[in-house]
Amino acid sequence: MAANQLPFAVDKCPKEYDEYKFTLPALYREVAKEELREDDLVLVKALTEMRHWIAENPYIFKCRTDAKFLLRFLRFRQFSVPMACEALERYLTVRELYPGWFKKLDCNDPIMQEILDYEPFTYIGQDSAGRAAFLIRFGRFNIEKHSPSQDARYMALILETVLEWEEFQIGSCQVFVDYRGCTVGHFDKWSTSELKIMMDVFSRSYPLRYGEIHGAKLPKQAVPIIETFLSFANPKLREKINCYPTIEELEKRLEPACKPTTYGGTVDFEELNRSFRKRIEEQREIVLGLDGMAIDVDHYTSVWDAEEVLPEAAAAGTMLEQLNIK
């Protein structure tokens, strides 16, 4: 494939579509059926309806209509086409409203290369339920060299990369956050408005399906900022979050197949990081190609402004009591 040739069309109305083929292991077929209500007939019908809706939508000018992209949203909403269409609109809107965070996500950009070198995010494999497991070492973000917007762009690059994986779309993800090495500077550099945008992305605007989220060793000084961050989360997401005072408690939640050597397991951590970096680089053109999509920003901005997210600080504070931080 040539460097500028993308495996999908941005045109809203291509004349024909490639036939979709399910190529994942049988486990994912079972998960798709049981958790997402997905089978071949449902999938074909939903794709047809969603493509028709996009073609007829006067506010969406250009959009990917290949199966892998649309299935991000259909699987996210368990094949409810109206809800998947709404999720697509939110996704396209947040990318247009904050282009400094979500556009021109090039893994070859020097700043992105620097952050990738620090390896704050690592894909550590799939657990027995087929969920993609990710380890976040938050202390590896360099607060001296990189701004919040640069860190946010790195996170968006990771999200766009993994959302292209069908095993991620179907199996959801497990997230493990190691806060060792963090200082208060890792947290207070984020403004309240930036925290709100980030949480909206993680919980509403990007089609992310979570299994559980585990975090450990959060510094006492960071608790007020994390409480603010979590106050913007929806209740369903907060229910999935577990906090621990020690790394040993975090390690207990890692299955052997996903446990790196540095966390008491046998999986080569350096090889995990090399493999993840390679997958990011292989998908460079696909991620950059997302910038070809276009919407009526004025129309969707008015919709966005009408959906103000109200913080729920009390609920977030209750959850953080699990940390036993006074």
Work out which heavy atom in M112 is nearest to a heavy atom in Q150; give both atom names and the distance. CE-O, 3.5 Å
Note: F121 and N273 closest approach over all heavy atoms is O-OD1, 4.2 Å
Contacts of F176 meeting ring-ring contact (aromatic ring centres under 6.0 Å, His included) (sequence neighbours excluded), chain-then-number -> H214
Looking at the rings of F73 and Y91, which for Trp means the six-membered one, are their centres under 6.0 Å apart? yes
Does CD belonging to E270 count more than 12 external heavy atoms closer than 6.0 Å? no
Looking at D117 and R277, is any side-chain nitrogen of the basic one under 4.0 Å from a carboxylate oxygen of the acidic one? yes
Would you call E248 and K252 a salt bridge, taking side-chain N to carboxylate O under 4.0 Å as the test? no
Cation-pi geometry met for R29 and F22 (6.0 Å, 45°): yes
Hey, are R75 and E166 close enough for a salt bridge, meaning a charged N less than 4.0 Å from a carboxylate O? yes
May I ask you to decide whether R72 forms a salt bridge with E160, counting only side-chain N to carboxylate O separations under 4.0 Å? yes
Got a salt bridge between D109 and R153, using NZ or NE/NH1/NH2 to carboxylate O under 4.0 Å? no
If you measure from the Lys or Arg side-chain nitrogens to the Asp or Glu carboxylate oxygens, is any gap between K68 and D66 under 4.0 Å? no
Residue of the set R95, R64, K62, K104 for which salt bridge (charged side-chain N to carboxylate O under 4.0 Å, His left out) holds with D291: R95
What I want to find out is whether K189 reaches E194 closely enough, with some N-O distance under 4.0 Å, to be called a salt bridge. no
Sort out for me which residue in R209, R131, R279 forms a salt bridge (charged side-chain N to carboxylate O under 4.0 Å, His left out) with E167. R279
Correct closest heavy-atom pair for W101 and M198 would be CZ3-N, 4.1 Å
Over all heavy atoms of both residues, which pair between L27 and S128 is shortest? Give the atoms and the distance, please. CD2-O, 4.0 Å
Indicate the atoms forming the closest heavy-atom contact of T161 with Q283, along with that distance. O-NE2, 2.9 Å
Please name the residue in the list L71, L74, L163, L159 that meets the side chain to side chain contact (heavy atoms under 4.5 Å, CB included) test with P207. L163
Counterpart residues, ring-ring contact (aromatic ring centres under 6.0 Å, His included), relative to F79 (two or more places apart): none
